[in-house]
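Report on one structure; see the data block that follows.
In this chain, numbering begins with 1 at the start of the sequence shown. Computed from a prediction, not measured in an experiment: that's the story for all the values here. All heavy atoms count here, side chains included; hydrogens, waters and symmetry mates do not.
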Amino acid sequence: FENLMVFSGSKYKSLSGKFTKEFDRLWKMNRTAYAPFKKAMLSRKGSRGYRKIIPIHFNTPYFDKPMALTGKEIDPLIEYVKRKGLFKKSENVSSNYFDKEKKRVQSEYKGPKMISSRS
């Protein structure tokens, strides 16, 4: 369920524009990072740009670009990590990283960033 608030009167005239501006800012958040993120995440061992580590949370030095994604964009990523075994143990999602080769989580990772900061 969503919260609903009703504002009326000239006192709140600018609120609609401010809300729309903030909504658009959030919706467009790091949209340009999606394509390189998806490519790195789905990369196969031996391929250019291969990354064996998948971020579970987007607030780490490895990957710090929260993104607004559609269901159509996130579904293949979720299916991929399911196939790799990320959700086999519920405690896995409390870690920061998932090693897709070893099929296990880890709390720390010292290596290159998942995607370049230019994305």
Side-chain angles (χ1 to χ4, degrees):
F1 295 100
E2 296 290 330
N3 294 326
L4 178 65
M5 298 177 77
V6 177
F7 297 93
S8 64
S10 60
K11 181 178 177 181
Y12 300 104
K13 187 175 183 178
S14 66
L15 188 60
S16 176
K18 289 177 183 177
F19 175 85
T20 301
K21 185 177 177 181
E22 178 65 1
F23 179 88
D24 288 343
R25 182 191 71 80
L26 291 171
W27 179 244
K28 294 173 185 172
M29 186 186 316
N30 292 318
R31 300 283 303 155
T32 58
Y34 176 70
F37 174 81
K38 181 180 177 186
K39 183 177 180 180
M41 187 168 163
L42 303 180
S43 64
R44 294 177 186 229
K45 192 172 184 175
S47 67
R48 186 172 178 217
Y50 173 70
R51 294 291 186 260
K52 75 174 195 164
I53 301 297
I54 296 171
I56 298 172
H57 302 286
F58 293 359
N59 59 348
T60 66
Y62 178 62
F63 188 78
D64 60 357
K65 293 182 176 292
M67 295 177 283
L69 301 177
T70 66
K72 194 174 186 178
E73 290 168 325
I74 202 163
D75 285 348
L77 304 177
I78 291 172
E79 289 305 313
Y80 180 78
V81 295
K82 279 182 184 177
R83 286 192 311 274
K84 290 295 179 182
L86 174 60
F87 300 119
K88 289 197 179 194
K89 296 180 183 173
S90 62
E91 63 268 16
N92 282 357
V93 295
S94 62
S95 295
N96 286 324
Y97 310 102
F98 184 74
D99 184 320
K100 60 187 182 182
E101 289 177 14
K102 296 178 182 175
K103 297 186 181 206
R104 68 176 187 203
V105 295
Q106 55 194 66
S107 58
E108 294 186 26
Y109 173 73
K110 295 181 181 174
K113 286 187 168 250
M114 184 174 192
I115 61 174
S116 76
S117 58
R118 290 176 283 137
S119 299

Under a 4.5 Å cut-off applied to non-hydrogen side-chain atoms, are L86 and V105 in contact? yes
Can you tell me how far OH of Y109 sits from OG of S107, rounded to the nearest 0.5 angstrom? 14.0 Å
Donor-acceptor under 3.5 Å (H57 side chain, V93 main chain): yes
Could you tell me whether the side chain of R31 reaches within less than 4.5 Å of the side chain of E73, counting heavy atoms only? yes
Do R25 and K21 come close enough that some side-chain heavy atom pair is under 4.5 Å? no
Minimum side-chain heavy-atom gap D64-K113 below 4.5 Å: yes
Do I115 and R51 have side chains that approach each other closer than 4.5 Å (heavy atoms only, starting at C-beta)? no
Is D99 paired with R104 through a side-chain N to carboxylate O contact shorter than 4.0 Å? no
Any side-chain heavy-atom pair of N96 and Y62 under 4.5 Å: no
Okay, side chain of N30, backbone of A33: is any donor-acceptor separation there less than 3.5 Å? no
Student check: side-chain heavy atoms of S47 and K39 closer than 4.5 Å: no
Assess the side chains of E91 and S94: does a donor N or O sit below 3.5 Å from an acceptor N or O? no
Sub-4.5 Å side-chain heavy-atom contact between L77 and F37: yes
